[in-house]
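The chain is numbered in sequence order, starting from 1.
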Amino acid sequence: MNARQKRLFEEAHKKNPNLKIPTETTQNRELTDDDMALLKQGVGDKTSRPSSGQSAVSGEGGANWTSGEQPGSIVKYFEDKGFGFIRPENGGKDVFFHISRLTEGSATDLLPGAKILYEVGMDRTGKTAATSLRIPPPPEPPAEPPAV
């Protein structure tokens, strides 16, 4: 415990004499596959991860890691600040995004109602945020039937 923590504890102990000093216990627990998946989404070197739309075989158990790309639409984009919010197509809370995560398309395409594909990860503070944003190409018009 550092000096600041000790001082804060002593002040709290004056208000509550039954308060006991916290003991430091370190838990050496193994990280689960779910823990590792969360870490991979927002932490560390991303150069070795597969890019959008690809899958890779992980070293443990041979399970496939998929991109988890989801469709959504732009709710609001603050161009001067470089961030906005996406409404997931399957419902749920709006997802924060930053312009630096746009991998395909341009910032001028980020208009309210515009369709977007994204992956859910974490921002640098550990909050849920969209990663690998891309504007899907416009659908191709149906082919004309051949003239008879």
Side-chain angles (χ1 to χ4, degrees), residues 1-140:
M1 204 186 291
N2 64 30
R4 181 175 179 270
Q5 291 171 327
K6 196 174 276 189
R7 182 178 45 84
L8 289 172
F9 175 77
E10 288 169 0
E11 289 173 11
H13 192 269
K14 288 176 187 174
K15 295 176 186 173
N16 183 359
N18 295 331
L19 191 64
K20 297 197 184 323
I21 192 163
T23 57
E24 291 186 35
T25 58
T26 56
Q27 295 180 346
N28 289 338
R29 67 178 184 99
E30 293 293 320
L31 293 175
T32 65
D33 289 340
D34 291 337
D35 294 336
M36 291 304 294
L38 286 173
L39 288 172
K40 286 179 183 177
Q41 286 179 6
V43 180
D45 179 20
K46 295 175 178 58
T47 57
S48 62
R49 294 201 335 216
S51 61
S52 298
Q54 294 180 346
S55 64
V57 176
S58 73
E60 296 180 18
N64 282 340
W65 182 84
T66 58
S67 69
E69 196 170 61
Q70 302 178 32
S73 59
I74 301 295
V75 175
K76 185 74 176 160
Y77 173 58
F78 302 95
E79 186 175 359
D80 54 330
K81 297 183 179 186
F83 71 87
F85 297 91
I86 299 169
R87 176 147 304 136
E89 200 170 88
N90 62 356
K93 290 184 177 181
D94 292 350
V95 180
F96 171 85
F97 74 89
H98 190 269
I99 189 65
S100 64
R101 299 299 186 175
L102 185 64
T103 58
E104 290 181 30
S106 82
T108 58
D109 297 328
L110 300 175
L111 302 171
K115 297 294 181 193
I116 193 159
L117 297 171
Y118 65 98
E119 294 179 33
V120 176
M122 289 186 286
D123 66 7
R124 63 180 177 203
T125 63
K127 295 181 180 175
T128 301
T131 62
S132 302
L133 303 169
R134 65 183 192 97
I135 309 294
E140 293 187 22

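In this structure, the separation between CE on Met122 and NZ on Lys127 is 13.5 Å, given to the nearest 0.5 Å. In this structure, Leu133 CG and Asp109 CG are separated by 12.0 Å, a value rounded to the nearest 0.5 Å. Residue Arg87 holds its CZ atom at 14.0 Å from CD1 of Ile116, rounded to the nearest 0.5 Å. Interatomic distance, Asp94 CG to Lys76 NZ, rounded to the nearest 0.5 Å: 13.0 Å. Taking OG1 from Thr103 and CZ from Arg134, the interatomic distance works out to 7.5 Å, rounded to the nearest 0.5 Å.
Checked options Tyr77, Phe83, Phe78, Tyr118; the residue passing with Phe96 is Phe83 (criterion: ring-ring contact (aromatic ring centres under 6.0 Å, His included)).
Contact between Gly113 and Ser73 at its shortest, heavy atoms only, is O-CB, 4.0 Å. A pairwise comparison of heavy atoms in Leu117 and Pro136 identifies CD1-CB, 4.0 Å as the closest pair. In terms of heavy atoms, Leu111 sits closest to Ile74 at O-CB, 3.3 Å. When every heavy atom of Arg101 is checked against every heavy atom of Ala130, the shortest pair comes out as CG-O, 3.8 Å.
Using a 4.5 Å cut-off on side-chain heavy atoms (C-beta onward), Thr131 and Val120 make no contact. With a 4.5 Å cut-off on side-chain heavy atoms, Glu89 and Lys115 count as touching. In this structure, the side chains of Phe97 and Leu110 come closer than 4.5 Å at one or more pairs of heavy atoms.
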